Amino acid sequence: MEGLNPAQRSAVCQTSGPLLILAGAGSGKTKTVAHRIAYLLQHESLWPNEILAVTFTNKAARELRERVWRLTEERGGEVPRSYMPWMGTFHGICVRMLRQDGKAISIQPNYVIYDEDDRQGLIKQAMKELHIDKQQIKPRTISSVISNAKNELKTPEDMEAAANYPNMRSIAKVYARYEKLRRGAGALDFDDLLIETVCLLRDHPEIRVKWQQQFKHVFIDEYQDTNAAQYAIVKYLVNKEQNICVVGDDWQSIYSWRGADFTNILNFERDYPNTTVIKLEQNYRSTNAILAAAQMVISKNKVRTDKKLWTDLGEGAPVEVHATYDESEEASLVAGRIATQVAMKARRYSDFAILYRMNAQSAALERALRVQRIPYQLVGGVRFYDRKEIKDIIAYLRIIYQPNDRLSFSRIVNVPTRGIGATSLERFLTWQGGTGMNVIDALYHVHEADGLTSKAKTALGALGTHFRELQTMLQDGATPADIIERLLKVTAYRDYLRDGTPQAEEREENIGSLISDVKVFADLPEFLEEAALISSADNAAGGDKVTLMTLHAAKGLEFPVVFMVGLEEGIFPHSRVYDAGPSELEEERRLCYVGMTRARQELHLTYARSRLQFGQRGYNEVSRFIADMGNQVAAIDQPTFGIDHQESEFVSDELPFDIGDRVRTTAFGNGEIIDIDGLAVTIRLDRGGTKKLNAEYARLEKL
DNA sequence: TCATTTAACGTTTTT
DNA sequence: CGTTAAATGA
């Protein structure tokens, strides 16, 4: 109980019945939760596997597990993977339950998990089969419509029935076909993990009761961001004792576009009578200046609970607003402030975070940081497991594990190239579909197929032999690392990577890190699960570096100094919320609140008068959120309307190049400009050939 | 029929 | 600029 305030203590001691903890930003939520779990283990003699704890990210789960581990036994060292096995994200928990009990709703135990890319791949396949032009409806749009439907537990038939315009009917058809293909591949997508778990618990009382008996205490973090399926899962898992504890803050609900519904937290007391409500309102993170400005912003929202955060950390420096001329000046201003403070030894690089609304904004910032030689790390963006070479390896592993996964098979059937093109693949798959054999068995019997060239048959047969061998390794209990090493060898994948391009080396290194990552896992299923569910917010590397990420990814984190950039109408709030209605605008405002409350001592807000967006230059007004803060902020810099400004070249339509100029390109070496058409610059390269580049993107350098 | 070359496209947030 | 789809040539 040491180091806890009275409200936090009562949250720890309240060990029976429903408990709602309304935890404001920076109110010591994680600490309270860790102490509460430790208390249950020690004073209520619960076993670590009798507690179900759901967090928002894998990283949050890891931190919590570590904290509980240290608290209970004052142990040091690595926390074993088996400790508190039921601590993780909703998706992670569902995977484990389905693996164990999925048979009851006819889910094969060796199902694979499809991510967003896989899902869109399968949607494209479905559209092709249905002869729907993907120019007309974007696969991405269909994907999100299907996702929304699934989260509302709607079937393709429901969608078809409710369709009131032609596109919707097409989408419903794609949805139906997609589901058929997905089932055939023995795969579940992210939404299925939740929805199938709901069905499992709803339709099988004996299984429901089994889990209810196992979980003596259920604990849900970030409850304001739960969606309908997650809400249902929680309801089914809580037993008669109703030992459920949820933590959340409606002011920080920022995932409604993903189906999250913060009325879940507002209605908790109604759902679980006799709830004890504890409010944590003392903020231990930010200065009063930061907190007051954030409070000004959030108070403009109509739909919200009423609370008042307070701090005794003192007034602190005022929140600063910096106006800049364009995104490049904005970036160098941020980089410059960081460089100065580090040079004065006032701060370390890792004290700083730069937060933005969308990933595309990171490019200008990265450039400025590189110019000033400031080390930085990007959270989000391209995930490690999204890289081509890693996805290839995972596709190989999947097909070995789940030989019905035709999507993964299609991905790697000709990688490395082995003379099997689109037509051969299509013919093979058509034949294989008719035989009822899985992909690997069909490869083994490929000589019986008709319509394939003998060349294709030989290549496919050889691939089948490799798959068989790897499959045998898997059955004999080989480690994932051994299997990967072997498959790299038989496919000569490393040779394939060495294509002479500058990125080849990096790709090989990535394969290396994959192999060392994989050593932690005892078996393949465990690794495939982890690889599918790892999120971009999870890879927080160490080291003394500035952190760059989206506002969404910053949830739950804190930094001594925070820069929020791009506070402009159309960027933040994003232009897409304008015609979406007031509730979307309120969500943007909550996102602003979340960003501001990440800051401990200093908060800087910047905006640019002019910005390159969607390929062209736009001029934005200052964000309304700055006006919301009233006189809680200090305006510091005015933009420099620079004659000597380096970016002024793009403001005039005139490019700073002429035909005949010699230039340096980053990717293709030096060359001479032979034509200019608007922004399109044609260059005759010294290495031979010509190249047409967009001067707005290619950073051409005049020689 | 396959592999290479060339043209087109892109940007909200993510488990 | 990077990626992906279409177009071209062997």
Side-chain angles (χ1 to χ4, degrees), chain A residues 54-60 88-95 113-116 119-121 124 134-135 138 140 143-144 147 151 189-194 222 225-227 229-230 254-260 355-363 367 379-383 386 388 414 417-427 452-453 455-456 459 501 503 532-538 549-555 566 570-577 580 584 587-588 590-591 594-595 611-616 665-668 680 689-700:
Chain A
V54 184
T55 57
F56 200 68
T57 60
N58 295 304
K59 189 177 155 227
T89 62
F90 269 107
H91 297 266
I93 302 287
C94 290
V95 164
I113 301 166
Y114 277 3
D115 65 12
E116 185 57 33
R119 172 195 260 171
Q120 283 187 31
K124 282 179 195 159
K134 57 178 180 278
Q135 310 283 352
K138 286 193 194 117
R140 191 154 32 87
S143 171
S144 87
S147 179
N151 280 309
D189 65 28
F190 283 153
D191 298 318
D192 295 325
L193 294 175
L194 303 177
E222 308 282 10
D225 282 323
T226 49
N227 66 25
Q230 293 165 338
I254 55 174
Y255 281 98
S256 74
W257 49 272
R258 207 165 84 188
L355 309 181
Y356 36 81
R357 180 64 235 270
M358 46 188 177
N359 282 311
Q361 286 172 263
S362 76
R367 212 173 303 157
V379 178
V382 186
R383 305 181 304 167
D386 281 344
K388 277 192 305 288
N414 207 25
T417 46
R418 40 177 80 91
I420 304 161
T423 335
S424 295
L425 171 63
E426 203 164 315
R427 286 187 183 161
L452 280 164
T453 62
K455 189 179 136 207
T501 61
Q503 300 97 309
L533 294 178
I534 197 119
S535 84
S536 51
D538 289 329
M549 62 188 147
T550 63
L551 287 152
H552 282 89
K555 181 162 126 163
I571 302 285
F572 189 33
H574 196 270
S575 54
R576 282 181 64 146
V577 309
E584 273 76 4
E587 177 146 318
E588 292 284 300
R590 289 194 295 271
L591 188 57
V594 167
R611 179 179 298 276
L612 194 59
Q613 47 192 345
F614 316 125
Q616 52 185 340
T665 72
T666 39
F668 310 103
T690 60
K691 200 79 200 170
K692 204 185 229 181
L693 297 173
N694 184 334
E696 199 99 60
Y697 293 119
R699 293 195 295 285
L700 297 175

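The structure presented is a predicted model; accordingly, all values stated were derived computationally and were not measured. As a basis for the values below, the full set of heavy atoms in this structure was taken, side chains included, without hydrogen atoms, waters or symmetry mates. Just so it is clear: chains get the letters A, B, ... in the order the sequence lines come, proteins before strands, and each one is counted from 1.
Put simply, A:Trp257 rests on the base of B:dT13: the two rings are less than 5.5 Å apart at their centres and nearly parallel, under 30°. A:His574 qualifies as a stacking partner of the B:dT12 base, centre to centre under 5.5 Å and near-parallel within 30°.
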Please enumerate all protein N or O atoms sitting under 3.5 Å from an N or O of nucleotides 5-7 of chain C, with distances to 0.1 Å.
unit_1: C:dA5; atom_1: OP1; unit_2: A:Lys124; atom_2: NZ; d: 3.3

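For A:Thr89, the listed nucleotide lying nearest its side chain is B:dT15; candidates were B:dT15, B:dT12, B:dC2. Side-chain proximity of A:Arg140 to the nucleotides B:dT11, B:dC2, B:dT15 is greatest for B:dT11. Checking B:dA3, B:dT13, B:dC2 against the side-chain heavy atoms of A:Asn414 singles out B:dA3 as nearest. In this structure, the nucleotide among B:dT1, B:dT14, B:dT11 sitting nearest to the side chain of A:Ala360 is B:dT11. Distance from the side chain of A:Lys138 is smallest to B:dG10 among B:dT13, B:dG10, B:dA3.
Backbone-only engagement by A:Arg427 is indicated by non-hydrogen atom pairs under 4.0 Å involving sugar-phosphate atoms exclusively. A:Ser424 comes within contact range of the sugar-phosphate backbone alone, with a heavy-atom separation under 4.0 Å but no base atom that close.
Remark: A:His552 engages A:Tyr255, A:Trp257 in a ring pair (Phe, Tyr, Trp, His ring centres under 6.0 Å) (not counting sequence neighbours). Partners of A:Asp189 under the salt bridge (Lys or Arg N to Asp or Glu O under 4.0 Å) rule, at least two apart in sequence or in another chain, are A:Arg119, A:Lys150.
A straight line from CZ of A:Arg119 to P of B:dT14 spans 16 Å, rounded to a whole angstrom. As a whole-Å value, the separation of A:Glu587 CD from B:dT13 C1' is 9 Å. Between A:Gln120 atom CD and B:dT14 atom P the separation is 15 Å, expressed in whole Å. To the nearest angstrom, P of B:dT12 lies 17 Å from CZ of A:Arg258.
Positionally, the nearest nucleotide of DNA chain B for A:Arg418 lies more toward the 5' end than for the other of A:Arg418 and A:Leu591. Each of A:Thr417 and A:Val577 lies near DNA chain B, and the nucleotide nearest A:Thr417 is the one positioned closer to the 5' end.
A donor-acceptor pair is defined here as one N or O able to donate and one able to accept, closer than 3.5 Å; such a pair exists between the side chain of A:Glu587 and the backbone of A:Ser256.
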Subject >> Derivation and outcome, side-chain contact (heavy atoms from CB on, under 4.5 Å), residues A:Asn227 and A:Phe90 >> reply: CA-CA 11 Å; A:Asn227 66 25; A:Phe90 269 107; over 6 Å; no
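Remark: the separation of the P atoms in C:dG2 and B:dT11 is 16 Å, to the nearest Å.
Residues A:Leu425 and A:Asn414 are not in side-chain contact: their nearest non-hydrogen atoms beyond the backbone lie 4.5 Å or more apart.
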